[in-house]
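The sequence lines fix the lettering, A, B, ..., with proteins before strands; numbering per chain opens at 1. As the structure is a prediction and not an experimental result, all values here were calculated from the model.
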There are 2 protein chains.
Amino acid sequence: MSTITRPGGRTERTRTAVLGAAFTITAEVGYGGLSIEAIAERSGIHKTTIYRRWGSVDAILFDAIVSRAESAVLLPSTGDARADLNAMARSVAENLEDPMSRAVAAAALSGTGDGSLKELSDRFWDDRIGKAAEIVKAGQKEGQIDAKLDPSVVVVEIIGPIWFRVMVLQVLVDRSFIEALVDGAIR
Amino acid sequence: MSTITRPGGRTERTRTAVLGAAFTITAEVGYGGLSIEAIAERSGIHKTTIYRRWGSVDAILFDAIVSRAESAVLLPSTGDARADLNAMARSVAENLEDPMSRAVAAAALSGTGDGSLKELSDRFWDDRIGKAAEIVKAGQKEGQIDAKLDPSVVVVEIIGPIWFRVMVLQVLVDRSFIEALVDGAIR
DNA sequence: ATGCTAATGCAACTAAAGTTGTGTTAGGGT
DNA sequence: ACCCTAACACAACTTTAGTTGCATTAGCAT
């Protein structure tokens with residue numbers, strides 16, 4: 001995956017087909033229903049090819065996520081920390097509705113820690129929490145948020161409950177819940 | 001499972017052996033590494049028996065959890081809401097370190113919702129959040145907590161970040177983090 | 001255009017998961 | 001003590017997942 005010697009048309013087409021099929025199937029039956037054979041059938045790509053290029057379902061998920069990494073959540077910074085955090089929280093909730101995000105999360109939780117997936121997960125959250133913490137720091141600089149609070153703890157106080165509600169309790173989050181979270185986190 | 005016509009010695013012994021093996025294997029390799037064949041080998045119970053009585057790994061997990069349901073978290077009520085919530089939060093964190101809890105959570109997240117597991121998960125959380133909310137309500141009655149706050153939201157504001165840190169970020173929670181959560185949740 | 005070979009397709013194989021039919025063991029009632 | 005049968009063990013089977021050797025296709029360089 002790291003050294004693509006021939007990134008021409010066909011190689012890219014099979015990649016697109018496989019990742020697309022993985023996405024579709026995940027949306028339909030979830031991580032538990034994902035299998036390489038199913039992806040092969042859906043994508044029209046022979047299973048041998050998939051086994052040789054990726055080797056496992058988790059590796060496909062890894063690739064799929066990395067390929068969509070550029071479309072990450074954009075963190076606003078209007079100067080109003082409370083509004084920015086609310087917008088950030090909403091984008092987190094929306095992103096969690098993405099079946100692929102769910103699948104990757106489930107994969108990370110299911111495995112013994114395949115290693116690469118754990119690493120991906122770590123980097124993803126480091127990045128996202130770090131960026132969100134910048135909003136908190138800006139708010140502290142402006143005096144909108146208590147300077148004694150740990151920025152990353154504030155972020156987890158917002159993201160954690162959203163994650164918990166959507167993924168564990170499996171109920172949708174409404175606007176008022178998010179606002180309550182933000183208010184509680186910044187006191 | 002519902003109508004046990006002969007709950008005598010042998011039946012109970014195989015049940016204990018199977019659930020015990022399931023627990024041990026889960027602790028070692030996690031949910032992803034669980035298979036009925038492995039459980040059969042470890043427990044010494046023939047795989048045919050397991051397939052006939054349970055039918056799937058998820059059903060075994062279901063049974064294992066139900067059989068330990070009585071050893072649930074005990075919710076303290078000393079009258080000091082803050083202290084009680086802190087104790088509750090710590091027990092949640094400790095419980096999450098239980099590999100079986102992780103496995104059930106992963107199973108619930110992995111599947112399309114096998115139905116029975118989703119139901120188990122729902123009942124489990126309804127019960128736990130409901131009991132924890134009682135602590136909050138008591139605190140509100142005593143004037144220790146703002147009466148305008150939604151008790152179940154307060155509970156999720158405490159449990160959610162703990163869950164998120166342990167399960168997603170996969171880092172341990174320390175005492176100060178828990179205290180910060182409780183303080184934030186009850187303002 | 002032509003040749004080289006990475007990438008894919010195909011079929012046959014091994015391994016593991018899951019199922020079914022039949023005989024055996026041991027609760028629990030009489 | 002005896003019998004009945006639920007629960008279990010065993011073996012053979014079917015199905016699905018994963019692997020390997022070889023033929024074919026199609027990027028890409030010359």
Roughly how many Å is it from [atom1] in [X] to [atom2] in [N], rounded to a whole number?
X: I39(A); N: dG18(D); atom1: CD1; atom2: P; answer: 11 Å
X: H46(A); N: dT24(D); atom1: NE2; atom2: C1'; answer: 13 Å
X: I50(B); N: dC8(D); atom1: CD1; atom2: P; answer: 10 Å
X: E12(A); N: dC28(D); atom1: CD; atom2: P; answer: 11 Å
X: I36(A); N: dA16(C); atom1: CD1; atom2: C1'; answer: 15 Å
X: W54(B); N: dA17(C); atom1: CH2; atom2: P; answer: 18 Å

Does the side chain of [X] get closer than 4.0 angstrom to OP1 or OP2 of [N] through an N or O atom?
X: T49(A); N: dA7(C); result: no
X: R13(B); N: dG27(C); result: yes
X: T14(A); N: dT8(C); result: yes

Degree of bending in the helix from dA1(C)-dT30(D) to dT30(C)-dA1(D) once both end axes are built from five pairs, to 10°: 40°

Among dA9(D), dC8(D), dT8(C), the one nearest R53(B) by side-chain distance: dC8(D)

Selection from dG9(C), dA7(D), dA9(D) that lies nearest to any side-chain heavy atom of T11(B):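 Closest nucleotide among those given: dA7(D).
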
Pull out every protein N or O sitting under 3.5 Å from an N or O of nucleotides 12-17 of chain D, one pair per line with the distance.
none

Qualifying salt bridge (Lys or Arg N to Asp or Glu O under 4.0 Å) pairs with a residue from residues 142-160 of chain A, counting only residues at least two apart or across chains: D146(A)-K148(A), E157(A)-R187(A)

Contact list for residues 77-89 of chain A, test salt bridge (Lys or Arg N to Asp or Glu O under 4.0 Å), sequence neighbours left out: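 Qualifying pairs: R82(A)-D183(A).
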
Any residue meeting salt bridge (Lys or Arg N to Asp or Glu O under 4.0 Å) with R42(B), in chain and number order, not counting sequence neighbours: E28(B)

Least distance between heavy atoms, L96(B) atom then I162(B) atom: CD1-O, 4.3 Å

Chi angles and distances behind the side-chain contact (heavy atoms from CB on, under 4.5 Å) call for V156(A), W125(A): CA-CA 10 Å; V156(A) 171; W125(A) 286 114; over 6 Å; no

Pair R53(A), T11(A): side-chain N/O donor-acceptor within cut-off below 3.5 Å: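 There is no such pair between these side chains.
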
N/O donor-acceptor pair, side chain R52(A) with base dG9(C), under 3.5 angstrom: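 Answer is yes: a donor-acceptor pair is held.
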
Worked check of side-chain contact (heavy atoms from CB on, under 4.5 Å) between I65(B) and L61(B): CA-CA 6 Å; I65(B) 282 297; L61(B) 288 179; 5.6 Å; no

CG-OG1 distance between L19(A) and T26(A), expressed to the nearest 0.5 angstrom: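 Here the rounded value is 10.5 Å.
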
Pair listing, side chain to side chain donor-acceptor pair (under 3.5 Å) test, anchored in residues 159-180 of chain B, at least two apart: D174(B)-S176(B)

